Asker: 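Below is one structure. I have some questions about it.
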Amino acid sequence: MARARLVTAPPPPGPPLCVLGRAEGARIAVRTLAPGGTITAEQSCGTAELPALAARLEAESAPRWVLSDAAAWSPVLLRAGVTPARCHDLRLVHRILRHSELVPAAERGGGPTAWDTPHEPEEPARGQDLGATLFELDCGSSASHGVPDGIEEACAELSRQQQAIAAAEDPARLRLLLAAESAGALIAAELQAAGIPWDVAEHDRILTEALGPRPSPGTLPSRMVEAAAEVREALDDATVSLDSPPKLLRALHRAGIDVPSTSQWELQGKDHPAIAPLLRYKKMSRLLTANGWAWLDEWVHEGRYRPVYVPGGVVTGRWASSGGGALQIPRQLRPALRADPGWRLVSADVSQLEPRVLAAMSGDGEMIAAGAGKDLYSGIVEAGIVPTRQEAKIGVLGALYGGTTGDSGRVVPRLRQTFPDAMALVDGAAATGERGGTVSTWLGRSSPAVEESWTLAQRSAFGPESTPAEQERARRTARERGRFTRNFVVQGTAAEWALSWMAALRLRLAAFPEVAADERADASGPVFSRRAHLAFFLHDEVIVHAPAAQAEAAAAAIRECADAAGRLLFPGSPIDFPLDLSITERSAEK
DNA sequence: GACTTTATATAT
DNA sequence: GGTGATATATAAAGTC
């Protein structure tokens, strides 16, 4: 696997690097480096002058901005309307390099350093309070809990990272990943700044329809009160709490309903008059507590929902979010996403992203053909492999997740016959994981290594003095890890595709012309009110908020960038990534 | 009382 | 006797 490198890779061609960092006093230094690493210029300014200086350098040379943590620096720049085209996020890059199998172990860095600081969920991350980070920059408190942000520390870390990248097995591939990850950091900051256009009245209407009118504080909405009364009546227990699983479970047992838990899945199908109202109550309770009026008050201001996105927040490279459950917005509330007057929502999601990514990674011609230009699951049906689309879907998901029982267990062996290359890739990843090994995505993000205790437990379980229970437990944890690594390679590569898609799209949209002053969507802020911009991202789906006149062009850009992402990751592959795309004023409940 | 764990819901 | 991945959020219950 590891090929000897006989020559040092030449420095990559490309734009100059501008490293941003704190200098003496309250100054901020901007150090310009040629691609080879030599310093060609250095300037400094106060915080207030930074946006002007950054805007000038951006216009002059479109550098790659080297930022200790784009999440911390972006708000300062965005407030002043500066949107860097490219960046290198030292914190995110550090995390990838630390684990990547493409990087020789000696170059991955020793023990944890200040650069391993995880994303800090910023305290006032709600409302339009983008000034908080600027304040932190002013008073210098961010250094205490964030990554280092001094100019010398940033340059030293950059230099260390460049050395690790140059020593990597496939530097060009790794650079793609690092550029995509860094672009993601800029996109996340911009998504938060722009916000999701949110129709409070529509949200309130959905809540009122489902729950009854907004109740006074401390009381339940009328339809929940009614459902609760029906449940208590049917259980013949006038006081039982429906919100406490243990108490509810005991009450169900007293009424002769034999269920192991109070979950929806166990309840449905039981024949008892309490079941139907209880299930209704649970649905309503979920809506009220997760996305009710309190959520609306807390998270939506001036027609925008501004969640905090956390790029790379999931081990596989997927994004996480913090605040308001942005990635779990129930489909029921989708109609509350509504474009501003005169604007449109251009929504696009990739059909079967993960199976397509698997087909491309493995070069499985049969699987690529099954999805060519159409629904991949239907393609599997048409090829005569399974009788129904539903079975095709269950089988493919079983292959990605490691399902061995039930319906997926029955279908997966047939897929293994039909798509040997694709299945060999995920099966291989699972086998590596079961052995305690590390697997990597297409561009080189690697799964975390197992704990030493895990390896020891596995070893001892198969030694002479182990009990059957010990062996069984070891086998189970090994299989669990196999399912994790099996899924890691596909989910992680899909995340890389999605980042590449958005990174390209972001640059395309930024080049759109500005609309006239009276056509702006002011709530999106000074930067994003003037032209089509990204407004939402969810793993395989984007929503662009666009002036009506730019909606068609935005849709075309979304499609072209999906094609471009496919070619970037899988050059020469016939794989395609068809989109479901729509231009609407209001997001549709799917 | 502050903190952690469990149960249950949601998304892909 | 367990048998499908990755997550976040809430509230109740458990722990110190």
Side-chain angles (χ1 to χ4, degrees), chain A residues 121 241-250 259-267 278-279 281-292 294-295 298-299 307-310 312-334 349-355 357-358 393-412 426 429-430 433 439 441 445 447-448 468-469 472-495 497-498 536-542 589-590:
Chain A
S241 160
L242 307 188
D243 299 319
S244 155
K247 290 176 188 166
L248 176 59
L249 191 62
R250 284 194 291 272
V259 283
S261 81
T262 64
S263 76
Q264 211 177 65
W265 193 87
E266 301 288 355
L267 292 173
L278 179 54
L279 289 174
Y281 179 88
K282 288 170 91 67
K283 269 254 175 300
M284 290 190 278
S285 172
R286 165 72 193 179
L287 180 62
L288 177 71
T289 54
N291 297 102
W295 181 92
E298 182 172 3
W299 291 106
V308 180
Y309 294 89
V310 186
V314 178
V315 277
T316 57
R318 271 190 176 181
W319 286 15
S321 72
S322 134
L327 306 185
Q328 289 86 20
I329 294 170
R331 286 204 299 263
Q332 191 181 7
L333 287 179
R334 279 302 183 102
D349 67 272
V350 195
S351 316
Q352 307 98 31
L353 174 59
E354 292 189 353
V357 158
L358 171 59
K393 184 172 178 177
I394 286 172
V396 168
L397 293 179
L400 298 178
Y401 295 157
T404 54
T405 60
D407 295 335
S408 70
R410 275 193 295 282
V411 182
V412 170
V426 282
V439 296
T441 61
R445 187 192 305 263
S447 61
E472 188 45 52
R473 200 162 52 86
R475 264 196 286 270
R476 196 184 71 240
T477 61
R479 280 195 300 267
E480 279 171 3
R481 189 150 191 289
R483 287 195 297 273
F484 165 63
T485 51
R486 169 191 294 270
N487 185 248
F488 182 96
V489 294
V490 179
Q491 186 182 113
T493 303
W497 184 93
F536 184 61
F537 168 59
L538 178 53
H539 305 320
D540 63 354
E541 172 186 5
V542 298
E589 191 178 346
K590 282 186 293 190

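Bear in mind that the values here come from a model prediction, so they are computed numbers and not experimental data. Numbers restart at 1 for each chain; the letters A, B, ... are given by sequence-line order, proteins then strands.
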Asker: How far apart are the C-alpha atoms of A:Glu541 and A:Arg334, what are their side-chain angles, what is the distance that settles it, and do they pass the salt bridge (Lys or Arg N to Asp or Glu O under 4.0 Å) test?
Answerer: CA-CA 13 Å; A:Glu541 172 186 5; A:Arg334 279 302 183 102; 2.9 Å; yes

Asker: Would you check if A:His539 and A:Leu327 make a side-chain contact, meaning some heavy-atom pair closer than 4.5 Å?
Answerer: yes

Asker: Are any non-hydrogen side-chain atoms of A:Lys282 and A:Leu267 less than 4.5 angstrom apart?
Answerer: yes

Asker: Rounded off to whole Å, could you give me the CZ-to-P distance for the A:Phe536 and B:dA11 pair?
Answerer: 11 Å

Asker: The side chain of A:Arg286 is closest to which nucleotide in this list: C:dG2, C:dA9, B:dA11?
Answerer: C:dA9

Asker: Given atom CH2 of A:Trp319 and atom P of C:dT8, what is their separation to the nearest angstrom?
Answerer: 15 Å

Asker: Are any side-chain N or O atoms of A:Thr493 and backbone N or O atoms of A:Val490, one a donor and one an acceptor, separated by less than 3.5 Å?
Answerer: no

Asker: Remember a base hit wins even if backbone is also touched, and classify A:Leu538 as base, sugar-phosphate or nothing at under 4.0 Å, heavy atoms.
Answerer: sugar-phosphate

Asker: Indicate, with a heavy-atom threshold strictly under 4.0 Å, whether A:Gln264 touches base, sugar-phosphate, or nothing.
Answerer: sugar-phosphate

Asker: Provide, to the nearest angstrom, the distance between the OH atom belonging to A:Tyr401 and the C1' atom belonging to C:dG4.
Answerer: 8 Å

Asker: What is the nucleic acid contact for A:Leu353, judged by heavy atoms within less than 4.0 Å: base, sugar-phosphate only, or nothing?
Answerer: nothing

Asker: Between A:Thr262 and B:dA7, is there a side-chain N or O to OP1/OP2 distance below 4.0 Å?
Answerer: no

Asker: For B:dA9 and A:Ser285 - does any side-chain N or O of the residue sit under 4.0 Å from the phosphate oxygens OP1/OP2?
Answerer: no

Asker: At less than 4.0 Å, is any side-chain N or O atom of A:Arg318 found next to OP1 or OP2 of B:dA11? Yes or no.
Answerer: no

Asker: Using the side-chain heavy atoms of A:Thr404, tell me which of these nucleotides is nearest: C:dA7, C:dG4, B:dT12.
Answerer: C:dG4

Asker: Any side-chain heavy atom of A:Val412 within less than 4.5 Å of one from A:Thr404?
Answerer: no

Asker: Output the rounded distance in Å from NZ (A:Lys247) to P (B:dT8).
Answerer: 15 Å

Asker: From C-beta outward on A:Pro330, which listed nucleotide comes closest to its side chain: C:dG4, B:dA11, B:dA9?
Answerer: B:dA11

Asker: Report yes if at least one side-chain N or O of A:Arg483 is closer than 4.0 Å to OP1 or OP2 of C:dA5; otherwise report no.
Answerer: yes

Asker: Within the modelled atom types, does a donor on one side and an acceptor on the other bring the side chain of A:Arg476 and the base of C:dT3 under 3.5 Å apart?
Answerer: no

Asker: Out of A:Val439, A:Thr441, A:Val489, A:Val315, which one pairs with A:Ser447 under the side chain to side chain contact (heavy atoms under 4.5 Å, CB included) rule?
Answerer: A:Val439

Asker: Would you measure the distance from the P atom in C:dT3 across to the matching atom in B:dA7 and give it in whole Å?
Answerer: 14 Å

Asker: Grab the CZ-P distance between A:Arg481 and C:dG4 for me, whole Å please.
Answerer: 19 Å

Asker: Name the nucleic acid region contacted by A:Val315, choosing base, sugar-phosphate or nothing; use a 4.0 angstrom heavy-atom cut-off, strictly under.
Answerer: sugar-phosphate

Asker: Which whole-number value in Å describes the distance from A:Leu327 CG to C:dT10 C1'?
Answerer: 17 Å

Asker: Nearest to the side chain of A:Phe484, which nucleotide is it out of B:dT12, C:dT8, C:dT6?
Answerer: C:dT6

Asker: Quick one: A:Glu298 CD to C:dT10 C1', roughly how many Å, whole number?
Answerer: 12 Å

Asker: With respect to the phosphate group of C:dA12, does any side-chain polar atom (N or O) of A:Ser241 fall under 4.0 Å of OP1 or OP2?
Answerer: no

Asker: Does A:Thr316 place a side-chain N or O at less than 4.0 Å from the phosphate oxygens OP1/OP2 of C:dA7?
Answerer: no

Asker: Between C:dT8, B:dT8, B:dT12, which one does the side chain of A:Ser263 approach most closely?
Answerer: B:dT8

Asker: Once you round it to whole Å, what is the distance between C1' of C:dA12 and CG of A:Leu248?
Answerer: 12 Å

Asker: With nearest nucleotide decided by heavy atoms, which residue, A:Gly402 or A:Pro246, maps closer to the 5′ end of DNA chain C?
Answerer: A:Gly402

Asker: Considering only B:dT8, C:dA11, C:dA5, which nucleotide approaches the side chain of A:Thr289 most closely?
Answerer: C:dA11

Asker: Across the strands shown, which category fits A:Arg486 at heavy-atom distances under 4.0 angstrom: base, sugar-phosphate, nothing?
Answerer: nothing

Asker: For A:Arg475, is the CZ atom crowded, meaning more than 12 foreign heavy atoms sit under 6.0 Å from it?
Answerer: yes

Asker: Check whether any side-chain nitrogen or oxygen of A:Ser322 sits under 4.0 Å from OP1 or OP2 of C:dT8, and answer yes or no.
Answerer: no

